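Working notes, structure below.
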Protein chains: 2
Amino acid sequence: MDERFYDNWTTQLRKGLLEMCILNAIRPGRAYGYEIVRRLRQIEGLVIGEGTIYPILSRFHREGLVESHLEESSEGPARKYYELSDRGKKLLKKMNATWETIVRGVQNL
Amino acid sequence: MDERFYDNWTTQLRKGLLEMCILNAIRPGRAYGYEIVRRLRQIEGLVIGEGTIYPILSRFHREGLVESHLEESSEGPARKYYELSDRGKKLLKKMNATWETIVRGVQNL
DNA sequence: CCTGCTACCTTGTAATGCAAGGTATATTTT
DNA sequence: AAAATATACCTTGCATTACAAGGTAGCAGG
């Protein structure tokens, strides 16, 4: 059967959504890229690869939504930890609110 | 303040989501482009323009998700009505299920 | 030393949403 | 009758994203 359309659709659906999820994953404290990939992988329908997350994290930093610092690890190469800036926290709050509005809107379509 | 990131994010968030909403708007029976634009406009966070919907409807048709036919109107130019094909109905069901899975996944993040 | 896991990054491609344009019909206003 | 407004369709070019496929490097176990 032709799953091409569906597969592409799910990819499109992740656009923007991934950013929100990543910010929410960082929010409680701090997190590094490889860790976030593993956490989000467990959420059905939200698979994410390294080639996807690193550009996103870079953009977050460029936009001033997060701060980052390297930290040595005994289990491998150094990890780049990220945490939300004030701007990032504010924006995430707004994004979460927008998300809920949309979810509600879609529900009673 | 800098709303650029937020505005762009909402645009990205609409990707894929609009397709699902349009299909759901057509599902009960039939609908034409201009009509769908007006209906979806009322849903907060889901604004859509004509330059967005017509390419989507064309793609639906190209992918065999909908059938279409022209119908004269006394209120203006002819309308192009769309209705879901069997394939479209099946796919929409799958899309709605995926959407709910993702919404639930995001909820308990 | 070599395989596997950890951990980071970059490049090129495909796909989408949208602004900004265009065309044409029917109704209402001037 | 001319102009304006609402209806209704469409296309082109741009900006943005997610992803596959590649690359680099550190650490541990056999």
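In the text below, chain A, chain B and the rest are named by the order of the sequence lines, each starting its count at 1. Computed from a prediction, not measured in an experiment: that's the story for all the values here.
We find that CD of Q12(A) is positioned 14 Å from C1' of dC18(C), with the value rounded to whole Å. Across the protein-nucleic acid pair, L57(A) atom CG and dC19(D) atom P stand 14 Å apart, rounded to whole Å. Atoms CD (E72(B)) and P (dT7(D)) sit 18 Å apart, rounded to a whole Å. Atom-to-atom, CG of N8(B) to P of dT17(D) comes out at 5 Å; the value is rounded to the nearest Å. Rounded to whole angstrom, the span from the CG atom of D7(A) across to the C1' atom of dT16(C) amounts to 16 Å. Between the CG atom of L18(B) and the P atom of dT16(D) there is a distance of 18 Å, given to the nearest Å. Between F5(B) atom CZ and dT16(D) atom P the separation is 12 Å, expressed in whole Å. Atom-to-atom, CD1 of I36(B) to P of dG17(C) comes out at 14 Å; the value is rounded to the nearest Å.
OP1 or OP2 of dA8(D) has at least one side-chain nitrogen or oxygen of Y32(B) nearer than 4.0 Å. Considering only side-chain N and O atoms, R79(A) lies nowhere under 4.0 angstrom from the phosphate OP1 or OP2 of dG26(D). The side chain of T52(B) places an N or O atom within less than 4.0 Å of a non-bridging phosphate oxygen (OP1 or OP2) of dC18(C). Not one side-chain nitrogen or oxygen of K15(A) sits closer than 4.0 Å to the OP1 or OP2 atom of dC19(D). Dashed line: the shortest gap from a side-chain N or O of R59(B) to OP1 or OP2 of dA15(C) is not under 4.0 Å. Between Y34(B) and dC9(D) there is no side-chain N or O to OP1 or OP2 distance below 4.0 Å.
Using the six-membered ring where Trp is involved, Y32(B) and Y81(B) have ring planes that are perpendicular, over 60° apart on the 30 and 60° scheme.
Nucleic acid contact class of S74(B) (heavy atoms, under 4.0 Å, all strands): sugar-phosphate only. Heavy atoms of E50(B) sit under 4.0 angstrom from at least one base atom. Within 4.0 Å (heavy atoms only), G49(B) reaches no atom of the nucleic acid at all.
For E67(A) and R87(A), the salt-bridge test fails: no basic side-chain N is under 4.0 Å from an acidic carboxylate O. The pair R4(B)-E63(A) meets the salt-bridge criterion, with a side-chain N (NZ, NE, NH1 or NH2) lying under 4.0 Å from an Asp/Glu carboxylate O. Using a cut-off of 4.0 Å between Lys/Arg side-chain N and Asp/Glu carboxylate O, E83(B) and R27(B) are scored as not salt-bridged.
Counting only heavy atoms from C-beta on, K80(A) has its side chain closest to dC8(C) among dC19(D), dC8(C), dT11(D). Minimum atom distance to the side chain of Y82(B) is reached by dC10(D), of the listed dC10(D), dC18(C), dT10(C).
Between the side chain of S85(A) and the backbone N or O of L65(A), at least one donor-acceptor pair lies under 3.5 Å.
Nearer to the 5' terminus of DNA chain D, by closest-nucleotide assignment, is the contact made by G51(A) (compared with the other of E75(A) and G51(A)).
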